[in-house]
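Naming convention: chains lettered A, B, ... in sequence-line order (proteins, then strands); numbering from 1 in each chain. Everything numeric in this text was worked out from a predicted model, so none of it was measured.
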Amino acid sequence: MTAFKSDFLNILSERGFIHQCSDFEGLDALAARGEAIAYVGYDCTAPSLHIGNYLTMMMLHWLQASGNKPITLMGGGTTMVGDPSGKDESRAIRSIAEIEANKASIRGVFSKVLRYGAGPTDAIMLDNAEWLTKLNWIEMLRDVGRHFSVNRMLTMDSVRLRLEREQEMSFIEFNYMVCQAYDFVELARRTGCRLQMGGSDQWGNIVNGVDLGRRMGTPPLFALTTPLLTTASGAKMGKTAQGAVWLNADQFSPYDFWQYWRNVEDADVVKFLKLFTVLPMAEIEKLGALKGSEINEAKKALATEATALLHGREAANTAAETARQTFEEGAIAETLPTVEISSGELEAGAGVLTLFVKAGLVASNGEARRQIKGGGLRVNDTAVTDEKMVLTRSSLTPEGVIKLSMGKKKHVLLKPA
RNA sequence: GGGAGAGUGUCCCGAGUGGCAAAGGGGGCGGACUGUAAAUCCGCUGGCUUACGCCUUCGUAGGUUCGAGUCCUACCUCUCCCA
């Protein structure tokens with residue numbers, strides 16, 4: 001496992017980050033000298049990044065930890081174009097205002113795992129809108145466009161798959177790869193950046209940049225990608241009932257984040273410990289040796305460590321403690337998600353259906369009815385059998401709340417206000 | 001500009017002869033079994049309603065019909081072929 005000279009590649013390799021690399025030897029030598037300046041681009045397609053992006057953020061983290069310099073590139077410009085990779089249909093073209101808003105909302109998350117500053121290994125943040133929006137069409141065609149073979153572009157997965165499925169692909173999307181390739185060259189010139197990393201679906205785009213660099217006279221550039229994140233049962237990772245697993249706390253609370261990791265499949269625990277925590281390998285091996293139900297201890301470690309890294313140690317411990325009280329003691333943890341209801345409403349008596357809807361556990365009265373029929377709803381840990389049940393002050397627990405649950409995992413406290 | 005085809009339950013795929021709240025999957029949710037796991041089995045998966053039932057849904061808008069996802073007309077969007 002220690003085939004590399006550089007700490008950077010050794011760490012990535014033993015933790016399972018590496019899928020493909022354009023030139024291991026060259027990159028290894030560069031990183032061993034602490035001269036690897038590397039970037040990952042993040043498109044501003046949503047107000048928050050998700051755990052798929054987290055993987056590449058962790059690569060930047062290890063890059064920095066091993067004495068090299070990371071660059072986070074906001075795709076302010078490329079998002080205006082839209083990446084066709086892995087998409088069956090054209091992405092809706094986003095408004096400039098939306099992109100700007102997303103950009104502002106995303107950028108804060110990087111400082112959780114990277115140290116920014118002006119030092120030699122401090123991270124820097126750039127935005128490709130800075131140069132892409134200023135390009136001149138004809139100049140661009142003459143300087144950059146002539147290096148692109150349309151024949152080859154047509155064979156790239158992102159394009160070929162679309163064509164094979166007879167799905168339309170517009171010219172603007174066709175140019176996404178040109179923009180991304182140009183970014184790499186621009187960064188190489190501006191900052192001495194030599195390496196671009198990304199998900200395996202970005203391989204084609206990244207390699208294009210490597211080629212373009214050679215033709216346009218930059219020093220040799222390198223490409224490095226991560227494997228596609230899947231769960232042991234083969235599903236794409238990061239999707240839950242609520243949607244994606246977002247990194248921003250206001251879209252996916254630390255408690256939910258903790259729960260997400262706590263509920264991963266057994267077979268994934270070690271893999272995720274390596275990818276999503278900074279626990280030492282020896283520690284991970286110890287956790288990985290656990291068998292049967294002891295694996296739950298490893299899952300708790302995974303949940304707490306991953307949450308601590310992103311949301312801070314305190315939030316992680318709170319989430320862990322909330323879970324412990326709720327699941328292991330069956331007690332009511334004050335820190336569970338809470339919804340306020342007016343005391344007047346409670347005084348008059350409120351129907352269970354309405355309350356479950358209000359708590360956000362079900363989407364409609366109808367769904368509440370169905371869940372009651374299936375035995376899925378509980379009030380203060382007692383199954384609801386009568387959909388006409390009315391809750392009043394007398395339903396309050398000694399703690400002064402009403403605990404509503406759907407299934408075994410979702411709980412909300414109602415608090416009179 | 002001409003020709004051919006397609007748009008179905010707001011998660012996705014996808015059947016659909018004029019009587020359809022609309023087959024079947026996948027996904028999701030809930031239950032049982034467990035370890036807050038996986039696998040398996042069972043139930044649910046448009047809204048309102050205690051209920052009979054009512055309302056809203058098949059690209060959009062009209063029309064024919066007792067009755068339209070299904071027939072007709074116009075329009076919109078997409079794909080392919082020709083120019």
- Message: Could you check B/C20 for me: syn (within 90° of 0) or anti?
- Response: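 You should classify B/C20 as syn.
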If we take the [atom1] atom in both [N] and [M], what is their distance in whole Å?
{"N": "B/G25", "M": "B/U70", "atom1": "P", "answer": "26 Å"}
{"N": "B/C78", "M": "B/U73", "atom1": "P", "answer": "23 Å"}
{"N": "B/A61", "M": "B/U57", "atom1": "P", "answer": "9 Å"}
{"N": "B/C71", "M": "B/C82", "atom1": "P", "answer": "30 Å"}
{"N": "B/U36", "M": "B/A32", "atom1": "C1'", "answer": "16 Å"}
{"N": "B/G7", "M": "B/C52", "atom1": "P", "answer": "35 Å"}
{"N": "B/G69", "M": "B/A21", "atom1": "P", "answer": "9 Å"}
{"N": "B/G16", "M": "B/U8", "atom1": "C1'", "answer": "9 Å"}

- Message: Can you measure A/M406 atom CE to B/G28 atom P for me and round it to whole angstrom units?
- Response: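 It works out to 14 Å between those atoms.
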- Rounded distance in Å - CD (A/E265) to C1' (B/U40):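 Interatomic distance, CD of A/E265 to C1' of B/U40: 15 Å.
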Considering only side-chain heavy atoms of [X], which listed nucleotide, [options], is closest?
{"X": "A/F327", "options": "B/C29, B/G35, B/U36", "value": "B/U36"}
{"X": "A/A323", "options": "B/U36, B/G30, B/G35", "value": "B/U36"}
{"X": "A/R262", "options": "B/C29, B/U36, B/A37", "value": "B/U36"}
{"X": "A/K409", "options": "B/U50, B/A37, B/C29", "value": "B/A37"}

Under 4.0 angstrom between [X] side-chain N/O and [N] OP1 or OP2:
{"X": "A/K408", "N": "B/U34", "answer": "no"}
{"X": "A/S364", "N": "B/C48", "answer": "yes"}
{"X": "A/N365", "N": "B/U49", "answer": "yes"}
{"X": "A/R369", "N": "B/U50", "answer": "yes"}
{"X": "A/K373", "N": "B/U45", "answer": "no"}
{"X": "A/R370", "N": "B/U49", "answer": "no"}

- Item | Pair A/H411 + A/Y255: ring centers closer than 6.0 Å |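 Not under 6.0 Å, so no.
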In the strands shown, is [N] matched to any nucleotide by a Watson-Crick or G-U wobble pair with both distances under 3.5 Å, and which?
{"N": "B/C44", "result": "B/G28"}
{"N": "B/G69", "result": "none"}
{"N": "B/U56", "result": "none"}
{"N": "B/A37", "result": "none"}
{"N": "B/G18", "result": "none"}

- Query: Taking it one step at a time, do A/E285 and A/V270 satisfy side chain to side chain contact (heavy atoms under 4.5 Å, CB included)?
  - Reply: CA-CA 8 Å; A/E285 268 162 41; A/V270 169; over 6 Å; no
- Report which part of the nucleic acid A/Q259 touches: base, sugar-phosphate, or nothing (heavy-atom distance under 4.0 Å, all strands).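 Base contact.
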- Message: Heavy-atom nearest nucleotide on RNA chain B for A/G366 versus A/D266: which residue maps closer to 5'?
- Response: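 Result: A/D266.
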- Check against side chain to side chain donor-acceptor pair (under 3.5 Å), A/Q196 and A/Q202: CA-CA 10 Å; A/Q196 181 181 178; A/Q202 292 298 311; over 6 Å; no
